[in-house]
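Each remark here refers to the structure printed beneath this line.
Reminder, nothing fancy here: chain letters follow the sequence lines and each chain counts from 1.
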Amino acid sequence: MRGLGADEAYWTGLAQGEVKVQRCSSCNHWHVPAVWRCGECGSWDLQWHTVAPRGRVFSWTRTWHEFGAPRELGLPFISVVVELDDAGGRRLMGTMADGRAEIQIGQPVEAEIIQTTFEGETIPALRWRPIAESATRAGESS
Amino acid sequence: MKRQPFCGSVSVAGLGLRQYKRGQAPMSEQGVLVRTIVDACEDAGIDPADVDGFVGYGDDHNEPVRLMSDLGTKELLLNTQIWGSGGGGIAATLGVAAAAIATGQANTVVVFRALVQSNSGRMSAAVMRHHLNAHIVGAGVLAPAVNCAIRAQRLFEHHKVPRSVAEELVRVSYYHGSRNPEAMSYGKDLDVDVYRSARWISEPFRLFDCSRENDGAGAIVLTSTERAKDLRRKPIRVLGVANGTEKGWGDLAENDLQYGSAGFRPVARRLWQQTGLSPKDVDVVQLYENFSAQGVMSLIDHGFCTFENAADFIRFENLIAPSGKLPVNTSGGNFAHGFIHGFGTVIEAVRVLRGESANPVPDAKVCLLAGGPGAPTVSSALFGTEDL
């Protein structure tokens with residue numbers, strides 16, 4: 001179930017309480033999904049960097065229908081795609097802590113790591129919460 | 001841009017479609033498929049035993065070699081399926097079939113899809129199973145509806161396409177479906193109040209923004225146009241096919257660059273390049289709408305309109321046959337005609353050019369089949385009554 005190929009360090013990171021994203025040591029390109037070889041420059045030298053679990057909501061949906069999602073998510077729940085502040089614009093997925101909250105694209109958010117269960121397997125996941133605009137890097141610089 | 005000719009000279013000679021309510025097919029998946037392939041061969045006026053190639057998509061379970069005893073197949077020369085689980089591969093099948101015929105690797109090729117719930121389970125779950133990984137499971141993305149809803153939200157909220165255009169498209173499909181005796185929604189108009197107050201599935205999708213699911217099978221017979229001219233039915237040419245994607249789109253855990261898109265921009269570009277045609281040359285469109293917003297994105301990606309003017313173009317009056325400027329989904333599409341993984345859109349692309357549609361488009365010469373949207377790889381095809 002892990003399975004995007006080269007992302008084992010991402011899951012190890014979550015198990016240790018950290019969000020890690022892969023970056024090419026040669027051309028500095030951030031890779032999500034993780035790769036074995038950097039297709040941008042051909043380098044095989046890829047490093048994992050711990051990044052702040054903060055970003056902005058890139059898009060979202062609130063699901064009301066029971067499709068068999070992990071029970072820890074409840075119903076309704078909000079799935080989000082979040083553009084990380086510190087990873088070259090790469091995005092990670094997750095859910096919002098409050099499935100009934102108002103939400104908009106661009107909302108600054110911060111993640112904690114939760115455990116979900118699917119078909120008997122424990123899967124760590126990101127649970128995001130809204131934070132104040134001033135808490136983000138973009139907010140500080142504006 | 002210089003035209004790159006497609007292998008042309010290949011036509012659809014016959015078609016078959018057997019569609020049932022979900023869970024109500026009278027036979028197993030393979031049984032329905034065999035009946036449908038024989039229907040298509042009878043429509044073409046050929047012996048099923050002479051079919052020597054098969055192309056499928058969508059992780060179809062019916063490996064062609066298992067059909068040989070039923071069909072009496074003499075030789076199996078082409079035996080393949082398009083990568084990727086979803087309807088994204090639907091039109092790509094035609095390109096593989098045409099390439100094989102044009103290069104002499106096969107002579108008579110059947111493109112097919114079969115789905116019966118008691119064999120393959122709920123279709124949405126079967127499609128999603130192909131894509132599941134821990135990233136999306138942990139985010140609750142357990143169905144195509146959820147994934148497509150996230151992209152739809154971007155279309156509406158970020159690109160500011162009005163939500164009303166999705167409603168227009170749904171109304172068009174149901175309008176045509178209500179006039180098509182073969183459609184699941186035959187005789188039933190979609191009440192706009194019912195549409196607007198239907199239960200939420202995944203915001204912004206309510207129930208009628210989602211395609212249905214049906215049991216059944218669809219098949220078309222392709223052969224050289226030269227041979228097709230001697231068969232029973234008027235040949236409908238495959239003018240061009242494009243499939244795939246480009247850098248920045250694919251299986252990227254939601255890191256696609258053109259996010260509020262259905263993924264067709266590079267595919268459409270190559271389709272127009274191959275054929276020398278453009279959106280203004282298209283008389284009618286069969287649009288694979290798994291979800292309403294993805295249908296809207298598909299029309300935008302193919303160049304019929306833009307984010308900015310989508311609301312001017314995607315209007316009910318503009319898209320209905322016979323009076324609309326560009327009739328779309330003349331059978332009722334996946335919403336209203338029925339959904340055997342989109343195969344009804346292929347069938348209708350041929351029927352409308354034969355002049356057999358329940359909602360005819362007078363003098364239609366070119367039909368676009370815009371395949372399954374939003375998949376990591378997508379495909380489209382152009383059909384024509386005449387050679388280019």
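- Along residues 65-74 of chain A, the residues that come nearer than 4.5 angstrom to chain B, judged on non-hydrogen atoms, are A:H65, A:F67, A:G68, A:A69, A:P70, A:L73 in order of number.
- For B:R154 and A:F58, the positive end sits near the middle of the six-membered ring, less than 6.0 Å away and at most 45° from its axis.
- Looking at A:Q115, there are no atoms closer than 4.5 Å to chain B (heavy atoms on both sides), in backbone or side chain.
- For B:F205, no part sits under 4.5 Å from any heavy atom of chain A, backbone or side chain.
- For the set B:R199, B:K247, B:Q153, the entry with the most heavy-atom pairs within less than 4.5 Å of chain A is B:Q153.
- In this structure, chain A has no heavy atom under 4.5 Å from any part of B:R122.
- Atom CH2 of B:W83 is surrounded by 12 or fewer heavy atoms from other residues, nucleotides or ligands within 6.0 Å.
- The residues B:R151 and B:D256 are annotated as salt-bridged, a charged nitrogen and a carboxylate oxygen being separated by less than 4.0 angstrom.
- Here B:R196 pairs with B:E167 in a salt bridge; the nearest charged N to carboxylate O distance falls below 4.0 Å.
- Residues A:E110 and A:R54 are paired through a salt bridge, judged by an N-O separation under 4.0 Å between the basic side chain and the carboxylate.
- Between A:I78 atom CD1 and B:I150 atom CD1 the span is 11.5 Å, to the nearest 0.5 Å.
- Only the side chain of B:A145 comes within contact range of chain A, with heavy atoms under 4.5 Å apart.
- In terms of non-hydrogen atom pairs under 4.5 Å with chain B, the most contact-rich of A:M93, A:R127, A:E83 is A:M93.
- B:R163 pairs by the side chain to side chain donor-acceptor pair (under 3.5 Å) definition with nothing, not counting sequence neighbours.
- The contact between A:T63 and chain B is made by backbone and side chain atoms together, counting heavy-atom distances below 4.5 Å.
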Dump the intermediate steps for side chain to side chain donor-acceptor pair (under 3.5 Å) on B:Q117 and B:D215, then the final yes or no. CA-CA 6 Å; B:Q117 189 175 306; B:D215 281 7; over 6 Å; no

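- In the model, B:E254 has a side-chain atom that pairs as donor or acceptor with a side-chain atom of B:Y259 under 3.5 Å.
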